[in-house]
Trainee: 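One structure is given below, represented as structure tokens, and several questions about it will come after.
Just so it is clear, the structure is predicted and the values come from calculations on it, not from any experiment.
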Amino acid sequence: MLKTMRSPGRLAGLFGATAPVPAMSADRDIYYRAGVLLFDHDLRPSPGNYALAHAYVERDPRIVAAVDAALAGGAGLTQQDADTIMAIPDTGGSAPVSPAALAQMIGEAQARFDSFSGLVDSSRDDAARFGDALEQGAAGIAAADALDLEAVAALLDITRTMIDTTRQAEERLRATGAEMAELRASLAAARADAETDPLTALPNRRAFAARFAEARETAIAEARPLAVALIDIDRFKAVNDVHGHEVGDRVIQLVGKELLRGCTGHLVGRHGGEEFIILFDGTPLPAARALLDATRADLAGRTLKVAGTGRELGTLTFSAGLVALKGAESCAAAIRRADTLLYRAKQAGRNRIEA
């Protein structure tokens, strides 16, 4: 969805800073707050979206849990988020497992598996050393002169039994260690799925926020420059309306690839819908702007056609807002500043970068 409906003085909404609410009846208050939610997140007042907003305002536990999880990255509620939440079946009052909750569970499970795997490795090494010691002891007893040969023979039998048991335990530990390695690999794959946008294979907002937090700590500690760009494909709604959503998806994929190519070495992610986000780590703002602007100019200089039909798609452009990190500000704060500049770029005619 294009962001052309935004205005600098829009209501703060139900998330983030609060806006004063005029005195009104209870029913009118519900209507007002639901409208604020839709307006502040650029959601159309469709029946489905209004049902979502109404359920959130009325504090439906299932909807509240899902919306709050989608907003965990601090980047707002997209139409894709809203559609996904409304498509979740009602499980009788139990909150759905959101992508954020899934990612958290994956992280916790992987930490436990890593700890247990270390224990398995340690136990396997101990068992191997114990088996070697018993084997050496048995060899010593067999070589010694002994008065009670029956006792020595019994001791040798016990020792050999202990050796066999230890060896079996070592094999079991080794097999368990291999299984744990497979589980770690599966968890790593699940984590990647939870943090990857399925359409573009780019990092999603959650992955971007995590990488931003890491880069911010390094930037503060080493006085490194850090910049964030928010990019929006111009007039994307018209592409969907004229050519259909399949072509729209291919346009999103194309822009993602071009941003990756033009901003090699920097983190390019999909922010949602037709928006992308880039983290320029260690690059001053002017250099980051030059990279992004060169990508914009290259894309804008092409005339595109729809593969298979040859139908003219025309010129494809994007607008962007670019900001440098201010102190220890959060990812959400940096994105909000970039969003303000993105709006300015749209108002100034699109196909441009504001920094």
Side-chain angles (χ1 to χ4, degrees), residues 1-3 6 41-43 67 69-85 87 98-100 102-103 189-215 227-237 239-240 245-281 288 291-292 295-296 298-299 304 316-323 330-332 334-339 341-343 345-346 350 353:
M1 181 188 300
L2 290 176
K3 306 302 181 184
R6 297 180 180 176
H41 294 275
D42 292 343
L43 298 175
V67 171
L71 293 170
L77 187 69
T78 68
Q79 185 61 58
Q80 182 179 1
D81 292 331
D83 293 342
T84 300
I85 291 169
S98 66
L102 175 61
R191 180 191 292 275
D193 287 343
E195 296 183 347
T196 301
D197 172 62
L199 178 62
T200 63
L202 295 173
N204 60 20
R205 286 183 295 171
R206 187 170 300 106
F208 186 92
R211 290 282 297 276
F212 176 93
E214 296 173 359
V228 172
L230 186 62
I231 300 103
D232 186 278
I233 301 173
D234 294 327
R235 297 186 173 89
F236 181 74
K237 185 176 184 299
V239 174
N240 275 338
H245 289 282
E246 182 179 353
V247 172
D249 286 348
R250 287 156 67 182
V251 165
I252 289 174
Q253 291 171 332
L254 171 64
V255 173
K257 290 178 181 177
E258 291 303 307
L259 291 172
L260 273 176
R261 182 189 59 79
C263 301
T264 302
H266 300 283
L267 178 65
V268 178
R270 187 181 180 197
H271 191 56
E274 70 273 20
E275 287 188 335
F276 296 85
I277 193 164
I278 302 178
L279 179 65
F280 293 97
D281 189 3
L291 282 173
L292 189 56
T295 304
R296 178 204 58 77
D298 180 64
L299 186 62
L304 303 177
L316 186 63
T317 66
F318 65 74
S319 302
L322 177 66
V323 299
S330 67
C331 183
I335 291 173
R336 282 195 296 269
R337 290 198 296 117
D339 193 30
L341 293 177
L342 171 59
Y343 172 78
K346 294 287 189 180
R350 300 181 177 86
I353 297 168

Trainee: For D281 and A215, which heavy atoms make the closest approach, and how far apart are they?
Mentor: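 Of all heavy-atom pairs spanning D281 and A215, the closest is OD2-CB, 3.8 Å.
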Trainee: Kindly indicate whether the side chain of E274, heavy atoms from C-beta on, has any atom under 4.5 Å from the side chain of D234.
Mentor: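 Not in contact.
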Trainee: For V239 and G248, work out which heavy atoms get closest and say how close.
Mentor: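 The pair with the smallest heavy-atom distance is CG1-CA, 4.2 Å.
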Trainee: Looking at CD1 of I353 and CG of L230, how far apart are the two atoms once the value is rounded to the nearest 0.5 Å?
Mentor: 12.0 Å
Trainee: Going by side-chain contact (heavy atoms from CB on, under 4.5 Å), name the residues that satisfy it together with L341, two or more places apart in sequence or in a different chain.
Mentor: V323, R344, E354
Trainee: Identify the two heavy atoms, one from A288 and one from F280, that lie closest to each other, and give their separation to 0.1 Å.
Mentor: CB-CG, 3.6 Å
Trainee: About how many Å separate CG of L322 and CZ of R337, when rounded to the nearest 0.5 Å?
Mentor: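 Here the interatomic distance stands at 10.0 Å.
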Trainee: Who are the salt bridge (charged side-chain N to carboxylate O under 4.0 Å, His left out) partners of R250, not counting sequence neighbours?
Mentor: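 Expected list: none.
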Trainee: As a quick check of understanding, evaluate side chain to side chain contact (heavy atoms under 4.5 Å, CB included) for R205 and D81, giving each step before the final call.
Mentor: CA-CA 12 Å; R205 286 183 295 171; D81 292 331; 2.7 Å; yes
Trainee: According to salt bridge (charged side-chain N to carboxylate O under 4.0 Å, His left out), who are the partners of R211, at least two apart in sequence or on a separate chain?
Mentor: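 Listed in chain order: nothing, the list is empty.
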Trainee: Calculate, to the nearest 0.5 Å, the distance between atoms OG1 and CG belonging to T295 and L260 respectively.
Mentor: 10.0 Å
Trainee: Say you draw a straight line from CD1 of I277 to CZ of F212; how long is it, rounded to the nearest 0.5 Å?
Mentor: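 Answer rounded to 0.5 Å: 8.5 Å.
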Trainee: E275 and T78: side chain to side chain contact (heavy atoms under 4.5 Å, CB included), yes or no, with the steps?
Mentor: CA-CA 10 Å; E275 287 188 335; T78 68; over 6 Å; no
Trainee: List the atom of A320, the atom of L292, and the distance in Å for their closest heavy-atom pair.
Mentor: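 So the two residues come closest at CB-CD2, 3.8 Å.
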Trainee: How would you list all residue pairs meeting salt bridge (charged side-chain N to carboxylate O under 4.0 Å, His left out) that involve residues 251-272, not counting sequence neighbours?
Mentor: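 Checked against salt bridge (charged side-chain N to carboxylate O under 4.0 Å, His left out) - neighbours excluded - the pairs reaching residues 251-272 are D197-R270, E258-R261, E258-R302, R261-D298.
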Trainee: Under the side-chain contact (heavy atoms from CB on, under 4.5 Å) rule, collect the residues that match up with L316, sequence neighbours excluded.
Mentor: I233, V251, L254, V255, L299, L304
Trainee: Going by the rule side chain to side chain donor-acceptor pair (under 3.5 Å), which residues pair with T196 if we only count those two or more places apart in sequence or in a different chain?
Mentor: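 So T196 forms no side chain to side chain donor-acceptor pair (under 3.5 Å) with any residue.
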Trainee: When rounded to the nearest 0.5 angstrom, what distance separates CD1 in I278 from CG in L259?
Mentor: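 So the gap between those two atoms works out to 4.5 Å.
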Trainee: Please determine whether side chain to side chain contact (heavy atoms under 4.5 Å, CB included) holds for the pair F236 and I252, giving the CA-CA distance in whole Å, both sets of side-chain angles, and the decisive distance to 0.1 Å.
Mentor: CA-CA 9 Å; F236 181 74; I252 289 174; 3.6 Å; yes
Trainee: Taking only residues two or more places apart in sequence or in another chain, which ones pass ring pair (Phe, Tyr, Trp, His ring centres under 6.0 Å) with F276?
Mentor: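 For F276, no residue satisfies ring pair (Phe, Tyr, Trp, His ring centres under 6.0 Å) once neighbours in sequence are set aside.
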Trainee: Before you tell me yes or no, could you show the steps for L43 and L77 under side chain to side chain contact (heavy atoms under 4.5 Å, CB included), namely the whole-Å CA-CA distance, both residues' side-chain angles and the distance that decides it to 0.1 Å?
Mentor: CA-CA 8 Å; L43 298 175; L77 187 69; 3.8 Å; yes
Trainee: Decide side chain to side chain donor-acceptor pair (under 3.5 Å) for D232 and S319; before the verdict, give the C-alpha distance in whole Å, the side-chain angles of both, and the deciding distance to 0.1 Å.
Mentor: CA-CA 5 Å; D232 186 278; S319 302; over 6 Å; no
